[in-house]
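Not measured: the values here are computed from a predicted model. Sequence lines set the chain letters: A, B, ... in the order given, protein chains first and strands last, and positions in each chain run from 1.
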Amino acid sequence: MKRKLLDTSKCAVIFLFALILSLGKSNNSIAQTTTQISISGKVKDNQGNPIPGASISVKGTNRVVASDANGNFKITAQKGESLVITFVGYVTNTILVANETQLSITLAEDKGKNLEDVVVVGYGTQKRSDITGAVASVPKERLSQLPVTNVLQAIQGAVAGVNITSGSSVPGSQPAASIRGQNSITAGTGPFVVVDGVPLSKTGGSLNDINPNDIASVEILKDASSTAIYGTNGSNGVILVTTKRGNTGKPTIRYNAYAGVENIAHILKPRTGAEYLQKYADYLKQINQPQTSPVPNFGELAYYNSGTTTDWVKEVTQTGVMQDHNLSISGGSQDVKYFISGGYLDQKGPVKGYQYNRTSLRSNLDVNITDYLTVGTSLFFTGNNYDGGRANLLFATAMSPYAPVYNDKGEYKIYPMDPEQLYTNPLLGLVTDRISRSTNLNGNGYAEVKFSGVLKGLKYRLNGGYTFFPENTASYTGRKANDMLGTARTFYAQTNSYTLENILTYTKDIQKHHFDFTGLYSAQQRKYTNTTAGAVGFVNDELSYNRLSAGATQTSDSYADQYRLNSQMIRVNYSYDSRYLFTATARRDGSSVFGANTTKYGIFPSVAAGWNIGKEDFMKNASFVNNLKLRGSYGKTGNEAVGVYQTITTEGALRSPFNGLSTIGVVPNNLGNANLHWESTTTANIGLDFSLFKDRVSGTLDVYSGKTKDLLLNRSLPIITGYSRILDNLGKVENRGIELSINTKNITDGDFKWETSANFTANKNKIVDLYGDGKDDLGNRWIIGKPISVVYDYRMTGIWQTGEDASKQDPGAKPGDLKFADLNGDGVITADKDREIIGQRAPKWTGGLTNTFHYKNWNLSVFIQTAQGITRNNTDLNYGDETGRRNTPAEIGYWTASNPSTTRPALSYNNTRGYGYASDASYTRIKDVTVSYVFSPKIMEKLHLGSLTLYASGRNLYTFTDWIGWDPENDYATRGSGDWTNNYPLTRSFVFGANISLK
Amino acid sequence: MKKLKYILFSCLAVALMFYSSCKKAFLDEKPYSSYTPITLNDSLGFEASLIGLYNHVSTIYSYSDQQGWPSVWQVGTDVANATTNQQGVEVPYYDYTQLTPTDGAAAYMWNRNYILINLSNVIIDGIENPSVSAISAKGKAAINAEAKFFRAYAYNTLATLYGRVPLIKNALTAPKTDFVRAPLNEVNDFIINDLQFAVANLPDIEAVKSNTKGKMYGRANKFMAMQLLAEVYLRTGKNDLAEQQALGIINSGKFSLNKARFGVKASLPGDYYSDLFVYGNQRRSQNNREVIWTLEQENPSSVVGGITNSPQQRRVWGTGYYAIQGMILADSLGGRGLSRLRLSNWFLYSLYKPGDIRNSQYNVKRRFYYNDPANAKFGQIIPYTGPDTLFKINPSITKWNQFDPNDTFGFAMIKDFILMRLGETYLLLAEAQFKQGKLSDAAASINELRKRAFADYPTRGQVQSSDINLNFILDERARELIGEENRRMTLMRTGTLVDRAITLNSNDAAKPLKGLTAKNLLLPIPLTEIQLNKDALLEQNPGY
C-alpha cells in the first residue's frame with residue numbers, strides 16, 4: 001500500500017518536473033523586448049481624498065504596485081496595455097495606457113453589489129456577471145463583528161438554500177449544514193467544504209479549524225453546473241472558503257478582539273420544593289400506593305425537615321465568558337505578498353466544566369519567482385481544546401430540590417437522593433480528569449506557471465495540500481467521582497491526508513468571443529489510524545491517566561483505514577460579448593469506497609447557459625434596469641459519502657472468557673455489497689439575477705428540481721438474514737425548491753441610511769421510490785411520496801378523562817392515559833394500522849431578514865432568522881418522571897383526576913407504545929443585533945491609528961416558538977440514550993469588540 | 001516553438017501514463033482492521049468463529065438495554081409478578097392486553113436467535129466446504145457439531161416461543177426478503193437432526209479442549225446436546241426418546257447432585273444447595289459436579305471482555321433493601337437488588353413443604369434485619385408494614401446474589417450463568433416418564449431430587465406415583481429451578497401458561513395479571529420483520 005502511495009506521488013512529481021523543465025525552455029524562447037513607459041499617478045476617492053494601499057496592476061502581467069500613504073504610485077507598462085486599479089470597497093477602474101505618464105485616478109465608492117466582483121468558483125474564479133450557475137456569496141458583514149466560533153454559525157439563516165442547524169450548543173461544537181434539502185437517506189448529506197482550493201472535508205478536520213477572522217469570503221455552490229466539477233462530492237453542494245491574502249502595498253496591522261458573557265437562552269425550570277412534593281404525592285395516588293413519607297427517598301428528609309432546598313440548575317451553571325483576539329499583518333511588495341495572522345479564542349460555557357479554546361496561526365504567501373512562475377502557500381495551524389470534566393445538566397434537572405450537593409466532608413455527595421442511585425450528583429464530572437484536543441496542521445502550496453507567446457493564456461497550476469490532524473483525548477475517573485477502582489483511558493488518532501491537483505487553464509479572446517478552458521487531474525488520499533489504551537484498578541487517584549501500567553487490568557485497541565479518490569475534470573466557458581454565456585463541465589471520479597464489482601469510476605457532466613439581458617440593446621431604454629440575467633443549468637452530480645469498507649463482508653474480533661482467560665472470537669459484522677456505486681443527482685436550475693432602480697433593489701431568484709437515484713440506502717433487512725442492514729443502491733429522492741434573496745436600499749441619502757436584505761427558501765423533499773416495487777418501508781419510516789425525515793407515529797388527540805369510555809377505541813386505556821386516534825376505526829389502537837405521518841423533521845421553509853441602519857458613524861444591524869414547518873419528537877415531554885424517581889420541569893404538567901389535563905398524561909402513565917410526543921419545532925429567532933461605531937478619519941489622525949470600530953453584539957436574543965423545552969433547535973437525549981451526558985442548552989451571548997488597524 | 005510543444009506534450013503523456021499505471025491498485029480496498037471470511041478458513045479461524053458463538057449467546061442473558069429483560073420470562077406466569085420498580089419491557093408480559101407485534105422483548109429474542117443461526121450457518125457452511133482440507137475429518141465433525149448445537153439451541157427457542165418460523169439452513173451472502181414460515185415439524189426435524197449430529201460428535205465432558213488454566217468445561221459437550229435434545233423430544237411428543245437422552249446423561253456417571261458444603265463460601269452460613277450458586281462455585285472446574293453447561297462470565301475490570309453487557313438478574317430478582325433507612329449494601333445480603341419482580345404468593349406461601357432445603361433462609365431470603373451499625377434499630381428485624389414490603393424487603397431467591405465491594409451500585413451482575421444442571425435432567429426425565437404413563441418411574445426420578453432436598457428423607461419429602469401429574473412436575477420444576485429456568489418457555493412448551501398463571505397467580509395486588517389468553521402461548525412475530533420481509537408474507541401468529 002505504501003508503495004502505491006509512493007508511486008502516485010512519484011507520478012505527480014514527474015508531471016510537475018516535466019512541466020517546469022518545459023517552462024525553462026519556454027522562457028528562453030519567448031522572451032520579448034518592447035518599450036516600457038514609466039507611469040506615475042495618484043489614486044483618489046470622489047471627495048478627492050487620497051486612497052492609500054490601492055492596487056495598481058498591469059492587466060495580463062504580474063506587475064503590481066500599491067499606492068502609498070498619499071495615494072501616489074509608480075509603475076511601468078507598455079502602450080496598449082491596461083492598468084487595473086482596485087481597492088476594497090471601491091469600483092475597479094481600468095485605464096488604457098496611452099502616451100500619458102501622469103495619471104489622476106478617481107475610484108468611485110462601490111455602492112451595491114459590484115457585478116465585476118470576482119467570485120470564487122471551483123478550481124478558479126469568475127466575474128459575478130459571467131456566472132451561469134447558482135453560486136451564493138455569504139454577505140461580508142456576516143464574517144465580522146459576530147461572536148461565533150465557527151463560520152457556519154454566522155451563515156445560519158443568511159443565505160438562501162442553506163439550512164444550518166445547531167443540534168448542540170456545547171462550546172466548540174459544529175452545526176450541521178445541508179444545501180437544497182436532503183438528497184440522500186443513508187449517505188452523508190453535509191456539503192463538501194473546500195478551503196483555499198483544497199478539500200477540508202474528508203481530512204478529519206472541520207470548519208472549527210478555520211478561524212472566522214481569517215476568512216475573506218465564503219461561496220456556496222448550489223446547482224449542478226457549479227458542483228458537478230466536484231463529481232462524487234458534489235451532490236450535497238459545496239462550500240468554498242477563501243482566506244485572506246496579502247496585497248501589494250504598505251503593511252496593514254489589524255487587531256480585532258471581543259469579550260463578553262454568555263448565559264442560557266431559556267431555562268426549562270425544574271419543579272420547586274413544593275411542586276416536587278405535590279408531584280410525588282400525586283404519583284403515589286395514581287399508582288394506588290399509600291404515602292408513608294413526604295419525599296421519595298430518606299436522603300431528602302434532612303433538607304425537607306429543615307426547609308432547605310437546592311437550586312440544581314444554578315449549581316451546575318455559571319455566567320459564561322468568552323473572548324477572542326486576533327492579530328494580523330498583511331502587505332507585500334510587487335513580487336511577494338503576505339498575510340500572517342494569529343488568533344486566540346477562549347470560551348467558558350454557562351454549564352460548568354464546558355469550555356473551548358482555540359489557538360490559530362496562519363501564513364498565506366504569494367511569490368512571483370519570475371514573470372512566468374508564481375508560487376505560494378497557505379499554511380495554518382489550529383489547536384482546538386475541549387478539555388475539562390463536565391457537569392451533567394440532565395442529572396441536575398432530575399435532582400430533588402431536597403437533595404444536598406455536598407456530604408459531611410464537604411465533597412460532592414455521590415448519591416444526593418440517597419438511596420436513589422439512578423441519578424448521581426450532576427457535579428461529579430467536575431472531579432474527573434479529561435482532556436480532548438485536536439490539532440490541524442495544514443500545508444497547502446501551489447506553483448503556477450503562465451505561458452506566453454503562442455501559448456499565451458495557458459496556465460498550469462500544481463496544488464498540493466497536506467493535512468496532519470492528530471486528536472488526543474484522555475480521561476480518568478476516580479473515587480471522588482464514584483469509581484472505586486479508578487478508570488483511565490487515553491485515545492490518540494491521526495489523520496494524514498493529501499490532495500494533489502494538476503490544473504491546466506487556457507483563456508482566449510477572439511474578438512467578442514471569449515473562451516476559458518480548465519482541466520484537472522487529481523488524486524486524494526486519507527489515512528486514519530487510532531490507538532486506544534486504558535486501565536482499571538489503580539491504588540489511588542494520584543496518577544490520573546498518566547501511567548496506565550499502574551492499573552491492574554489493561555485494555556488496548558487500534559484501528560486503521562484508508563480512503564482514496566482519483567479524478568479528472570474538464571470545464572469550458574464560452575461567452576459572446578458578455579451577453580451570451582455557456583459553460584460545460586465533466587468530471588470523472590474513481591473512489592475506493594465503491595464495490596469491487598464496479599469500475600469504481602463515475603462520470604458527472606453538466607451544462608449551463610446565461611443571458612445578460614440587461615446588456616442587450618433593446619434594454620437600453622429600460623433605464624430602471626441596471627442588470628438582468630437569466631441563467632439555466634442542468635447536470636449530474638454524485639455522492640459517495642459512505643464509510644470505507646462497506647463493500648466487503650467483514651468479521652470483527654471479540655472475546656469470551658474460559659477458565660478466566662480472555663479468548664478471542666470472531667463474528668461477521670457487516671454484509672458487504674461489492675456492487676455498490678455512487679448516488680447520482682440530476683438537477684435543473686433556472687435563475688434570475690436582477691438589479692433595478694440604480695441598484696436600489698437587487699436580488700436573485702432560483703428555482704430548482706433535483707432527482708437523486710441509486711441512493712446509497714442503508715436498508716434494513718429482516719434479522720432472519722442474520723444481518724440488520726446492508727448498504728445498497730436503491731431508491732429515488734426528489735428535491736424541488738425556490739430560493740429568493742433580495743437586497744434593498746431603503747434610504748440612501750443623508751446621514752441616515754437603511755438597507756434591508758432578506759432571503760427565503762422553500763424546499764420540498766420526497767421519496768420517489770425505495771426498492772423499485774413502489775412499496776413503502778414502514779420499518780424504516782420511509783414512505784413514498786413523503787419526505788425522507790418524517791415523524792411517523794400515533795396521532796394523539798388528548799387524554800382519556802374520568803368517565804370516558806375507552807373500550808371502543810383503545811381497550812385497556814385508563815383515565816390519564818394518552819388518547820390516540822383509532823385511524824382505521826377497528827376499535828383498537830394498533831402499531832401497524834393507527835400510525836401515520838405527523839410531520840416532517842426538515843423545515844418546510846426558512847428565511848432570514850437583516851436590517852442595517854446607519855446614522856453618521858453609527859451602524860445598527862438586526863438579523864432575524866426563521867425556520868418553519870418542523871415537527872420533532874420532544875424528549876422533554878416523553879421523559880416523564882421515571883416512575884416517580886426524578887424531578888421534572890415545572891412547565892410540563894401532568895394529568896390528575898382533580899385537575900385533568902388535556903395534553904399531558906398521568907404520572908402513572910406507562911408509555912408502552914413508545915409514543916414520541918411529536919411537537920411543532922418551528923421558530924423565529926432574533927439571532928443577532930450589532931451596534932457599531934466607526935471613528936472618523938479625523939479622530940484617527942489624532943490617535944495615529946488607521947481605523948477603529950467599536951461594537952457591541954448580542955446573539956440568540958429572543959426566540960418565538962410554541963415548543964415546550966429548552967430550545968426547538970437543540971437536540972436533547974433521554975437518560976442513557978444518545979449523547980445524553982452532553983445535553984446542553986442554547987446560549988445567549990453579549991460581547992463588546994474592537995477592530996483596530998494601525999497606520 | 002514546435003519543439004517546446006513537443007516536449008511539453010510528450011512529458012504530459014508520460015506523466016499521464018504513469019498515472020494510469022498507478023490507477024487500478026490505487027483504488028483497491030483492503031480492510032486493515034477487520035477479518036474477511038476467507039481469512040478464517042483454517043482451524044484457528046474456525047476456533048475463533050466458535051468462540052464468537054459463546055459471546056453471542058451471552059448477549060441473550062446479559063442484555064441490559066431494557067433492564068427489565070429477565071422479568072419478561074418470569075412475571076405474568078405462575079411464579080412472579082412485576083413490582084412498582086418494574087422497568088417497562090416486562091409490562092406486556094403481565095398486562096397481556098399490551099402484548100403487541102411491536103413488543104420489544106419479543107423482537108430482541110427473535111433478533112438474538114436469528115443472528116445466532118447465521119453465525120452457526122457461516123461455520124457449518126465453511127466446515128462442510130470440501131475445499132477446506134487442512135482439518136481432519138474428525139476435527140471437522142467436532143467443529144460442525146459445536147456449531148450445530150448452537151443452531152439447534154436457537155431454533156428450539158424460536159420454535160418454542162413463536163411456533164412455525166422461517167428455516168434458514170445456510171448462511172446468506174446477499175439480502176433476502178421473501179421468507180416464509182416453515183411447518184413446525186420441519187423445524188423440529190431440523191433441530192433434532194442437528195442435535196443428533198451434535199450428540200454423536202461433541203466431546204465427552206472430560207474430553208473438552210483445554211487452555212492453560214485447564215479443561216474448558218464451558219465449551220460444548222455431548223451432554224449439553226443430550227439435555228437439549230431431551231427437551232426438544234418432550235416438546236415434540238417423542239417422550240420415549242426424551243427419556244433415553246435424560247437417562248443417558250444420568251447414567252453417564254459424569255454428574256452428581258451436590259449433597260455437601262463446598263467451595264468459596266463453605267465456611268460461611270449457608271447450605272449445600274446454596275453453595276451451588278455462589279460465584280466461584282458455579283463451574284465444574286470449581287468442583288461443581290452438578291452443572292452440565294455453565295456460561296462463564298468474568299469481571300471486566302480484571303478480565304478483558306469478561307462480560308458482553310451488564311446482566312440484570314441480581315437487580316431484577318434481588319431485594320431493594322437498600323431503599324430502607326438503616327440498611328447498607330452488604331455481601332451477605334447479595335449486593336444491590338431492585339426488586340423489579342416479586343415472587344408470587346403461590347410460590348412463597350404454598351409451594352414448599354417444611355424441611356425443603358431449597359426453601360431454606362439461604363435460598364429464599366424472607367427476613368431482613370437492620371444492618372447499619374449507625375442506626376438505632378441495628379440488629380432488629382425490619383417489620384413488614386405497608387407497600388414497601390412488596391418491593392423493598394420482599395422475600396427473594398439468592399441464586400443471583402453477587403456483590404463487588406469496588407462497585408456496590410453494581411449495574412452489572414458478574415456471575416456465571418448455569419444454563420443446564422443435572423437437577424433439571426431428573427425433571428425432564430420425570431416428565432418423559434409421566435407422559436408415557438410410567439408414574440412410579442417418574443416418582444423415583446423426582447425422589448432423586450427429594451433425597452437431596454430433604455435432610456430427613458424419606459420421613460419428609462418422598463413422593464408417590466399417585467402424586468405425579470404434569471402440574472406436580474411443573475411445581476417441582478419451580479421448586480428446583482426457580483430463577484434458573486426460563487419459566488415462560490417451560491409453560492409455553494408444555495401449553496400450561498394460561499391455566500397455571502390464572503389459577504395460581506391472578507390476583508397480585510400491585511401488578512395483576514391481565515388479558516392472558518390462549519393466543520399468548522405463542523409470542524407475536526415482530527412487526528418490523530413482517531414489514532421488512534416485503535416479498536413474501538410472513539404470517540403473524542393468530543390473535544396479534
*asked:* Could you check whether Phe658(A) and Tyr54(B) have their ring centres less than 6.0 Å apart?
replied: yes
_Salt-bridge present (Glu29(B), Arg564(A); N to O < 4.0 Å)_ = no
*Can you say whether Pro175(B) sits under 4.5 Å from chain A via the side chain, the backbone, both, or neither, judging by heavy atoms?*
both
_Salt bridge check, Asp404(B) against Arg336(B): does any charged N sit closer than 4.0 Å to a carboxylate O?_
no
*asked:* Counting only non-hydrogen atoms closer than 4.5 Å, does Pro526(B) touch chain A with its backbone (N, CA, C, O), its side chain (CB onward), both, or neither?
replied: neither
*Under 4.5 Å heavy-atom distance to chain A, tell me which part of Leu329(B) shows up: side chain, backbone, both or neither.*
side chain
*Sort out for me which of Thr528(B), Ile115(B), Asp95(B) touches chain A most, counting heavy-atom pairs under 4.5 Å.*
Ile115(B)
*Engaged part of Val304(B) at the chain A interface, taking heavy atoms whose separation is under 4.5 Å*: both
_Val536(A) and its side-chain contact (heavy atoms from CB on, under 4.5 Å) partner, picked from Asp483(A), Thr487(A), Thr555(A)_ = Thr487(A)
_Contacting moiety of Ser285(B), where chain A heavy atoms sit under 4.5 Å_ = side chain
_Can you tell whether the side chains of Glu529(B) and Lys534(B) come within less than 4.0 Å, N to carboxylate O?_
no
*Contacting moiety of Leu158(B), where chain A heavy atoms sit under 4.5 Å*: neither
*asked:* The criterion is ring-ring contact (aromatic ring centres under 6.0 Å, His included); which residues satisfy it with Trp782(A), sequence neighbours excluded?
replied: none
What pairs of donor and acceptor atoms, side-chain ones from residues 720-727 of chain A against any protein atom, are under 3.5 angstrom apart with sequence neighbours left out?
from: Thr721(A); atom 1: OG1; to: Pro718(A); atom 2: O; distance (Å): 2.8
from: Thr721(A); atom 1: OG1; to: Tyr723(A); atom 2: N; distance (Å): 3.2
from: Thr721(A); atom 1: OG1; to: Tyr723(A); atom 2: O; distance (Å): 3.0
from: Arg725(A); atom 1: NH1; to: Asn714(A); atom 2: OD1; distance (Å): 2.7

_Using heavy-atom distances under 4.5 Å, tell me whether Leu671(A) contacts chain B through its side chain, its backbone, both, or neither._
side chain
_Between Arg219(B) and chain A, with a heavy-atom cut-off of 4.5 Å, which part of the residue counts as in contact: side chain, backbone, both or neither?_
both
_Please classify the contact of Leu50(B) with chain A as side chain, backbone, both or neither, using a heavy-atom distance under 4.5 Å._
neither
*Identify which part of Gln297(B) has an atom lying under 4.5 Å from any heavy atom of chain A, answering side chain, backbone, both or neither.*
backbone
_Below 30° counts as parallel, above 60° as perpendicular, anything between as tilted: where do the rings of Phe411(B) and Phe409(B) land?_
parallel
